Amino acid sequence: MFSTRRLARWSATHPWTVILAWIGAAITSIVLTAALLSGALTTQISFLTSPDSQKGRDLIASSSLGANSFTETVIVQSDTLTVDDPAFQERVESLTAELVEVESVRTAINFYSTGDPNLVSADRDTAIIPVALPIELKDDVEQTLEIVAEANGEDGFLVLETGEATLDLNFNEAAEEDLLTGETIGIAVALVILLIVFGAFVASLVPIFSAILSIVVGLGIVSIIGQFFDLSFFVTNIMVMMGLAVGIDYSLFILSRYKEERENNHDKLMAIEIAGGTASKAVLFSGLTVVFALAGLLIVPNTIFGSLGVGAIVVVSMTILQALTLLPAVIGLAGDRIFSLRIPLLKQRTAQQQSVEGFWAGLARMVMRRPAVSLIAATAVLVLAALPLTQIETGFSGVSTLPDKFEAKEGFEVLGEEFSAGQSGPVQIVIDAPGGIDPAVERAAADLGVLISADEGFGPAGSLQLAEEPNLALLAAPMAGDPSSEESYDAIERLR
């Protein structure tokens with residue numbers, strides 16, 4: 001029968017076997033992460049069921065409409081010239097030619113090649129170049145971004161690229177930067193707390209390194225899972241967050257219990273056994289509870305929630321495993337040296353002293369003496385803390401939440417000022433007519449376009465795009481504002 005106590009003893013008596021196994025797992029995971037993780041993650045959101053939006057997306061992707069299903073917008077603007085000036089025309093046409101040369105670009109059009117007035121702003125100082133790419137290359141827009149970056153500022157022209165792909169890329173970069181900031185602050189705060197708890201530098205580092213090791217091994221496992229299932233880039237965020245929180249907590253719990261048993265005059269091995277039979281058992285059941293709770297995310301038929309569930313379950317599972325095996329092995333190898341390098345200013349009390357002295361012991365005695373008063377006081381504090389929730393304003397993670405340093409946001413704002421910001425992510429209406437796209441269907445689509453254009457939530461609907469397939473057509477309409485805003489979601493609901 002499985003016993004956390006016996007597992008702790010075995011790990012403590014075979015420390016190098018356990019430690020080398022974890023080092024091998026970490027090295028393998030680093031290799032797997034470097035080779036596979038970037039290709040396993042995506043910024044795209046897809047449904048695991050078949051709502052109407054997913055059916056429409058699948059129709060577009062599987063038909064000739066797929067060539068135009070994903071469009072980036074390159075913006076060319078001048079403070080001194082208009083589109084009627086030869087220099088402006090030369091800049092737009094040369095930039096269009098460069099973009100067309102990119103292997104992944106299907107089409108790139110401009111005002112001069114089409115005569116379409118919708119590609120020029122009302123004051124004629126701004127022109128846009130719609131760049132169509134196949135939807136499967138949505139995560140790969142680096143080549144067009146490089147061309148745009150080189151052209152930006154040249155000869156006084158402002159050249160920017162915006163669209164769903166570039167904005168997703170910027171959201172990804174912002175998330176990574178925020179994650180790094182959060183990690184730095186979180187680890188620093190955790191180290192201070194651990195120093196206060198243990199009063200020793202080595203013991204304070206062990207929980208942090210244990211948590212990081214669990215994250216590293218977990219990322220390797222997720223890299224493999226990502227070869228079979230679509231995983232959102234948010235998976236790394238949840239793994240780091242959960243790995244640090246749970247890993248530090250579990251290691252702190254076990255180390256504290258080991259320290260307590262050593263102060264109770266048990267020898268090293270017996271102290272590890274007792275900690276394994278008590279603290280480690282609590283860690284096992286606590287961790288399994290967390291895993292089962294997180295499994296609820298897998299029920300939501302959305303790649304983001306599924307990815308969050310997979311990442312969190314994997315890293316918590318690795319944290320449980322390392323707490324039950326690696327930590328006893330490290331303690332068995334280091335013994336009481338794990339509490340070396342003590343901090344002189346932090347006087348540590350024994351377990352017996354902590355049980356009768358200090359703030360927490362006094363607070364516990366007060367609560368037990370006045371349980372009713374304590375219950376009312378605690379409830380009052382919680383209610384006061386929750387009061388701001390009654391006035392919370394929820395919203396959507398739109399472009400406005402991005403830092404101003406990202407050029408895709410600047411391009412989005414220029415697009416909104418000169419054209420319609422929603423052109424970066426238009427609503428696409430797929431028409432699947434079993435009898436074919438006949439004149440009656442075209443008239444109905446035109447009537448729908450008129451209704452959409454009259455809605456304040458949308459810009460002018462485009463012309464009907466006929467697919468090579470005789471039964472398919474596409475009608476696109478830009479949102480009047482940020483496609484990720486609450487107002488745009490309301491407009492889509494009206495359209496439905």
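Just so it is clear, the model here is predicted, and its values are computed rather than measured.
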Donor-acceptor under 3.5 Å (Gln227 side chain, Ser223 main chain): yes
Min side-chain heavy-atom separation Leu191-Leu205 under 4.5 Å: yes
Closest non-hydrogen atom pair, Ile320 against Leu288: CD1-N, 3.8 Å
Heavy-atom closest pair, residues Gly276 and Ala8: CA-CB, 3.8 Å
Side-chain ion pair, Lys268 and Glu273, N-O less than 4.0 Å: no
Check: Gln322 side chain, Ala211 main-chain N or O, donor-acceptor pair, under 3.5 Å: no
Whether Ser204 side chain and Leu194 backbone form a donor-acceptor pair below 3.5 Å: yes
Considering all heavy atoms, the nearest Gly226-Leu231 contact: CA-CD1, 3.6 Å
4.5 Å side-chain heavy-atom contact, Leu321 and Ser317: no
Pairs meeting criterion side-chain hydrogen bond (donor to acceptor under 3.5 Å, both in side chains) with involvement of residues 326-337, two or more places apart: Tyr258-Asp336, Arg262-Asp336
Option from Thr166, Thr144, Asn152 for which side chain to side chain donor-acceptor pair (under 3.5 Å) with Glu161 holds: Thr144
Side-chain donor-acceptor contact under 3.5 Å, Thr325 with Trp10: no
